[in-house]
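What follows is one structure encoded as structure tokens, with my remarks underneath.
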Amino acid sequence: METVVSGIRPTGNLHLGNYFGAVKSFLQMQHEYNCFFFIADWHSLTTHPHPDNIRKSVKTILAEYLACGIDPDKATIYIQSDVREVAELYLYLNMNAYLGELERVTSFKDKVRSQPNNVNAGLLTYPSLMAADIIIHKAVKVPVGKDQEQNMEMARKFARRFNNIYGVDYFPEPASFHLSEKAVKVPGLDGSGKMGKSEGNAIYLIDDEKTIKSKVMKAVTDSGPTEPNSEKPEPIANLFMMMDIVSTPDTYNFFNEKYNACEIRYGDMKKQLAEDINLFCKPIRERINDILADDTFLERIAREGAEKSAESAAKTLREVREIIGFRP
Ligand code: ADP
Ligand code: TRP
């Protein structure tokens, strides 16, 4: 069976972008592949979080993975820092990763701009740690959103380079995986761009009905079309895209027809959208809260996941050490 790996950094709660960009693929793939889904807590250290925050966020994401429907009997769920072999592979990959190529990564350049006082080596080598995460289980498919494409290219490059340097055909080149032809980009409702934590426009799976409604009612709109069938400007297109993601086709078509006939009432559309988002989030939200209250269960899942992933990682590291010329 082919192997799949993916992870999310524990920097807060999961939002609709994370769900439809990544987690939804996890849910489908767990039935068809040998899956490893992890919590990328080492990656989160680039922003120097407080230990209490790490503990809390890791626990939250674990509960949210489970509440979304990742089944620990089907997929291995684990915490990155529980598998120390990943750090060893990261070291080996870094020896063959070059400053120039790491500096050219767009997300690194963005960070240099946004946090000039904390341009640490972890940020620079983010792609080699991500590559280690993936190839340590010899994964061939990686479900991620569109924004991870460049990191995925680096992962393929590092896998290929290892094979070339040592003259082996050891690591497969991992491909990005998207559920649909086009990678989904869940939009923000604040006018332009994607939904994200750092964008400050996220609707979280844990948000209650009132919070969802207030966020959706604040969505940016305009004064409405004046020509029938006119093209939608970005804020409006985003509102429709969100509806396309969470509402039924009938609901979408209803408001789309209203728009095309210049009869759209954005207030009504937002109310409907808020209702549909709440309908989607409600059962997940309830499960998150139940699971968060069960420390014994969470502890068991983390322990079992650590054991299963460490086994897979240790096998790779034994072979890698031998290939490099170290005692196995
Ligand atoms: P955030 O934007 O909240 O910081 P991350 O960068 O930690 O989210 O992303 C975690 C996963 O969720 C990645 O696979 C990423 O591609 C996906 N993702 C995040 N936001 C979106 C979005 N708006 N649309 C689609 N996928 C997304
Ligand atoms: N870089 C990913 C993000 O920001 C998180 C991540 C770390 C990851 N390691 C990974 C995703 C390995 C897939 C595979 O969302």
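These numbers come from a predicted model, not from an experiment. In listed order, ligands and their atoms are each counted from 1.
Around atom NZ of K197, more than 12 heavy atoms belonging to other residues, nucleotides or ligands sit under 6.0 Å away.
Here the options are K157, R156, R160, the test is side-chain hydrogen bond (donor to acceptor under 3.5 Å, both in side chains), and the partner is E173; only R160 passes.
Taking the six-membered ring wherever Trp is involved, the centroid distance between the rings of F162 and Y166 falls below 6.0 Å. The aromatic ring centroids of F158 and F171 lie 6.0 Å or more from each other.
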Contact table, ligand 2 N/O with protein N/O, distance under 3.5 Å:
{"from": "ligand 2", "atom 1": "1 (N)", "to": "Y126", "atom 2": "OH", "distance (Å)": "2.7"}
{"from": "ligand 2", "atom 1": "1 (N)", "to": "Q148", "atom 2": "OE1", "distance (Å)": "2.9"}
{"from": "ligand 2", "atom 1": "4 (O)", "to": "R9", "atom 2": "NE", "distance (Å)": "3.4"}
{"from": "ligand 2", "atom 1": "4 (O)", "to": "Y126", "atom 2": "OH", "distance (Å)": "3.1"}
{"from": "ligand 2", "atom 1": "4 (O)", "to": "Q148", "atom 2": "NE2", "distance (Å)": "3.3"}
{"from": "ligand 2", "atom 1": "9 (N)", "to": "D133", "atom 2": "OD2", "distance (Å)": "2.7"}

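The contact shell of ligand 1, taken as protein residues with any non-hydrogen atom closer than 4.0 angstrom, comprises I8, R9, H15, G17, N18, G21, A22, V144, G145, D147, Q148, V184, K185, V186, K194, M195, G196, K197.
Applying the ring pair (Phe, Tyr, Trp, His ring centres under 6.0 Å) test to every pair with at least one member in residues 185-231, sequence neighbours left out, gives no pairs at all. Residue pairs meeting the ring pair (Phe, Tyr, Trp, His ring centres under 6.0 Å) criterion with at least one partner in residues 287-318, sequence neighbours excluded, are absent.
Side-chain polar atoms of N256 and K232 form a donor-acceptor pair below 3.5 angstrom.
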| field | Y78/H137 under ring pair (Phe, Tyr, Trp, His ring centres under 6.0 Å): CA gap, chis, key distance, verdict | value | CA-CA 13 Å; Y78 66 99; H137 301 298; 5.7 Å; yes

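Note: H43 and Y126 have tilted aromatic rings, judged against thresholds of 30 and 60 degrees for the angle between ring planes.
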